[in-house]
Amino acid sequence: MANSTVLLSNIYPRREAGGARDLGGTWRAILDPYGLGHVELLGAYFQDKKPENKSDRVEYDFDESMQLEVPGDWNTQHPELLYFEGSVWYRTRLLVDEAERTETRSFVYFGAVNHTSRVYFDGELIGQHEGGFGPFAVEVTGKLSVGDHSLVVMVNNRRERDRIPAIFSDWWNFGGITRAVELVTVPAVFLRDAWLTMSADGRVVGGVTVDGGTDNVEVNVGLPALGVEQVVSAAPGVETTFELLGHEAASALERWSPANPVLHSVNFSTGEDSIVDVVGFRTIRTDGTTILLNDEATFLKGIAIHGEGPSGGRRAFGDADAAELLGWAVDLGANFVRLGHYQHDEAMLRKADELGLLAWCELPVYWGIDFANEAVLANAREQATELVVRDRSRASVILWSAANETMPGEVRTSFLGDLLAHIRSLDATRLTTAALFTEPTTDTAQRIEDPLGELVDVIGVNEYLGWYYGDRSTIAETTWTTAFGKPIVFTELGAGAKAGNHGGEDEIWTEEFQAAVYEAQIEMIAGQTEVAGLSPWILKDFRSPVRVLPGIQDGYNRKGLVSEEGERKLAFTTLQAFYASL
Ligand code: GCB
């Protein structure tokens, strides 16, 4: 199924300027475990009917059906939905009054819907989308007459061999309309996309895509603080890229960094449309096995984060969750977050920009994907476009990750090669990466030779010494090298511990055991020459249906530095002390 949706960026600026109406709140929902809700004779739920009189055979009624909060996963809203995988039909009513500008163009924007969705407006199918973590929009221009309208969204989160992710993962398959839904109103000719960032060689570069009209239009791009204003001539429907300022003027710009996360106001305008964004400027590149931020060697003091809220074991969304999760990372002394294993809420990157956290953004190409399937590759490319286009103005974003723990093989490597080339074609200013699967040998000299290493700029290594592999006593003397002369980032290491469970360092699941693994890892890292950072697994305990040990896991992966309710474990302090010492 190819997507029939539109990709709109700059939702934050539009929201702030009053161009977006929040459609979140309490929606109605009908469960459809057999996926038959579209069948005319049985229901055709998208028609949003109800029995009108005593002889009317309509076998559903949204008004009397289950309530679900949007945004939000469905799993944690009703106990009977915790494990539900299948289709749910969501319905909200949209009241349009006289004041609503109907002469302009309007889109219903979805921050994310997991996993596959079909959107119906007043009974008509207006868009379908595949991919559970990327933003998309459907156009409703001309449909917003004054009155009451029906918006129905069929959401399906079945795990399938030909989806991304596919069948297996170590996280909860949260279903639903998990991020914000907004009615976005724009002029007839508008900026579908507009971005600005700094290239690896310190130039201010960007792009604009104008939607509507047939003629070329002038787009003004300005950096008011510097008195810079430039006109770009853009043809409708295609991206026009440009360089703002000369190289010299760009080099005089105050740089964004973790120590100084300075953001500049940037505006884009054409005809009746304008966008005001805040953007930081910094360079990111590698030199051999070193990562250079603003031309200075930078060690990534990181932590991995899942898109799960700070409490309640639910899908995270919005500014408050982002502030709390990233606030913990700041307390830890981190300058880097790995946002695994899929695209996170835009709020995370906006907040990371403000806080001065560098970010790794990732696609859900995780474990066993159907790499031989062309349609899967096509969807991977669509998901990559959503990932990159939404956030390529964010200074925090330094790494685009194509995959996590995929098994070496020709078909896999060619799939990821294609995907990485696609990512680079959308954004050549940042580094590419992937978290590689490693099964460390018993040897203390570990060598990474997965050919994927050839295709990325930075090599992510998930290693788990002292947990899945090896003996804790030999971690410290282990060395890591690759065949590629590129920076290594330990993207995963760690151990499970139940918060509040205390005992000896050799007693598994205790906070002491976990802290001891961290101590040994820290000792090891100090002795590496090719390692440019780490993002241990993971900030917070997170739900996973494969973690079933009673009394310890109870449905949670326990490798968090804090529990699912935010209680800090000993290892938090261990890592914090290490980061403070650097
Ligand atoms: C991994 C995976 C991650 C798991 C983790 C674990 O290698 O990348 O998704 O959650 O290990 O805890 O086993």
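Residues: numbered from 1 along the sequence shown. Computation of the quantities below employed the complete heavy-atom set of this structure, encompassing side-chain atoms and omitting hydrogens, waters and symmetry-equivalent molecules.
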**Message:** Evaluate V181 against Y109 for side-chain contact (heavy atoms from CB on, under 4.5 Å), listing each step before the verdict.
**Reply:** CA-CA 6 Å; V181 184; Y109 172 88; over 6 Å; no
**Item:** Side-chain ion pair, D211 and R192, N-O less than 4.0 Å
**Value:** yes
**Prompt:** Hey, is R412 close enough to D370 for a salt bridge, meaning N to O under 4.0 Å?
**Reply:** no
**Asked** Would you say the side-chain atoms of T141 pair up with the backbone N or O of S106, donor to acceptor, closer than 3.5 Å?
**Response** yes
**Prompt:** Is any NZ, NE, NH1 or NH2 atom of the basic residue among R338 and E362 found under 4.0 Å from an Asp or Glu carboxylate oxygen of the other?
**Reply:** yes
**Message:** I want to check something: taking the side chain as every heavy atom from C-beta on, are I398 and L300 in contact at a cut-off of under 4.5 Å?
**Reply:** yes
**Message:** Give me the atom names and distance for the closest heavy-atom approach of D345 to G318.
**Reply:** OD2-N, 3.0 Å
**Item:** From CZ (R255) to OG1 (T283), nearest 0.5 Å
**Value:** 5.0 Å
**Message:** Tell me the closest heavy-atom pair linking Q343 and G134, and the distance in Å.
**Reply:** OE1-CA, 3.3 Å
**Message:** Between R392 and T197, do the side chains contain a donor N or O and an acceptor N or O under 3.5 Å apart?
**Reply:** no
**Message:** To the nearest 0.5 Å, what is the distance between CG on L23 and CG on L183?
**Reply:** 5.5 Å
**Item:** R105/E139 ion pair, N-O < 4.0 Å
**Value:** yes
**Asked** So which heavy atom on S396 is nearest to which on L349, and how close?
**Response** OG-O, 3.4 Å
**Atom CD of E229: over 12 foreign heavy atoms under 6.0 Å** = yes
**Request:** Would you please classify the geometry between the F136 ring and the H129 ring as parallel, tilted or perpendicular, with 30° and 60° separating the classes?
**Result:** parallel
**Prompt:** Between the side chain of N173 and the main-chain N/O of N157, is any donor-acceptor distance below 3.5 Å?
**Reply:** yes
**Message:** Would the distance check show the side chain of E354 and the main-chain N or O of L263 forming a donor-acceptor pair, the cut-off being under 3.5 Å?
**Reply:** no
**Message:** Counting the benzene-type ring for Trp, do F107 and F190 have ring centres under 6.0 Å apart?
**Reply:** yes
**Asked** Under a 4.0 Å N-O cut-off, is there an ion pair linking E182 with R14?
**Response** no
**Message:** Is the shortest side-chain heavy-atom distance between T270 and N220 below 4.5 Å?
**Reply:** no
**Distance in Å, D427 CG paired with T385 OG1, rounded so as to fall on 0.5 Å steps** = 12.0 Å
**Request:** Measure from the side-chain N and O atoms of N373 to the backbone N and O of D162, and report whether any donor-acceptor pair falls under 3.5 Å.
**Result:** no
**Asked** Is there a donor in the side chain of Y12 and an acceptor in the side chain of D319, or the other way round, less than 3.5 Å apart?
**Response** yes
**Complete:** Shortest non-hydrogen pair, D353 vs A395, comes out as OD1-N, 3.2 Å
**Request:** Give a yes or no on whether the ring-centroid distance for Y366 and W171 is below 6.0 angstrom.
**Result:** yes
**Request:** Check each of V461, V458, T289 against I488 using the side chain to side chain contact (heavy atoms under 4.5 Å, CB included) test, and report the only one that passes.
**Result:** V461
**Request:** Report yes or no: do T491 and N462 form a side-chain donor-acceptor pair below 3.5 Å?
**Result:** yes
**Prompt:** Do the side-chain N and O atoms of D193 and S9 include a donor-acceptor pair separated by under 3.5 angstrom?
**Reply:** yes
**Message:** Less than 3.5 Å apart, any donor N or O on the side chain of E405 or H341 sitting next to an acceptor on the other?
**Reply:** no
**Request:** Please name all residues satisfying salt bridge (Lys or Arg N to Asp or Glu O under 4.0 Å) with D201, sequence neighbours left out, ordered by chain then number.
**Result:** R203
**Asked** Going by heavy atoms in the side chains, are S117 and M154 under 4.5 Å from each other?
**Response** no
**Request:** Rounded to the nearest 0.5 Å, what's the gap from CD1 on I275 to CD on E16? Could you check?
**Result:** 12.0 Å
**Request:** Find out whether S265 and V276 are in side-chain contact, i.e. whether some heavy atom of one side chain is under 4.5 Å from a heavy atom of the other.
**Result:** yes
**Prompt:** Would you call D277 and R394 a salt bridge, using N to O less than 4.0 angstrom?
**Reply:** yes
**Item:** 4.5 Å side-chain heavy-atom contact, L452 and T406
**Value:** yes
**Asked** Are there more than 12 heavy atoms of other residues, nucleotides or ligands under 6.0 Å from atom CD of E160?
**Response** yes
**Request:** Would you please say whether a donor-acceptor pair under 3.5 Å links the side chains of R424 and T432?
**Result:** yes
**Message:** If you define the side chain from C-beta out and look only at heavy atoms, does anything of W400 sit under 4.5 Å from W360?
**Reply:** no
**Message:** Would the distance check show the side chain of N335 and the main-chain N or O of L357 forming a donor-acceptor pair, the cut-off being under 3.5 Å?
**Reply:** no
**Request:** Give a yes or no on whether the backbone of T5 and the side-chain of N3 come within a donor-acceptor separation of less than 3.5 Å.
**Result:** no
**Request:** Evaluate the ring planes of H264 and F281, with Trp represented by its six-membered ring, and classify them as parallel (under 30°), tilted (30 to 60°) or perpendicular (over 60°).
**Result:** tilted
**Prompt:** Would a 4.5 Å heavy-atom cut-off, applied to side chains only, mark V113 and T178 as touching?
**Reply:** no
**Prompt:** Which atom pair, heavy atoms only, marks the closest approach of G309 to L325?
**Reply:** C-CD2, 4.5 Å
**Request:** Would you kindly say whether N10 and R15 are connected by a side-chain donor-acceptor distance under 3.5 Å?
**Result:** no
**Asked** Got a donor-acceptor contact below 3.5 angstrom from the D450 side chain to the F437 backbone?
**Response** no
**Asked** Can you check whether G288's main-chain N or O pairs, donor with acceptor, with T286's side chain at less than 3.5 Å?
**Response** no
**Message:** Could you tell me if the side chain of R430 sits less than 4.5 Å from the side chain of L399, heavy atoms only?
**Reply:** no
**Asked** Closest approach of R350 and P13, non-hydrogen atoms and distance?
**Response** NH2-CD, 3.6 Å
**Side-chain donor/acceptor of E346 to backbone N/O of G111, under 3.5 Å** = no
**Expected output: side-chain Q383 to main-chain I164 donor-acceptor under 3.5 Å** = yes
**Prompt:** Can Y342 and H306 be counted as having a side-chain donor-acceptor contact under 3.5 angstrom?
**Reply:** yes
**Message:** Side chains of H149 and D122: any donor to acceptor distance under 3.5 Å?
**Reply:** yes
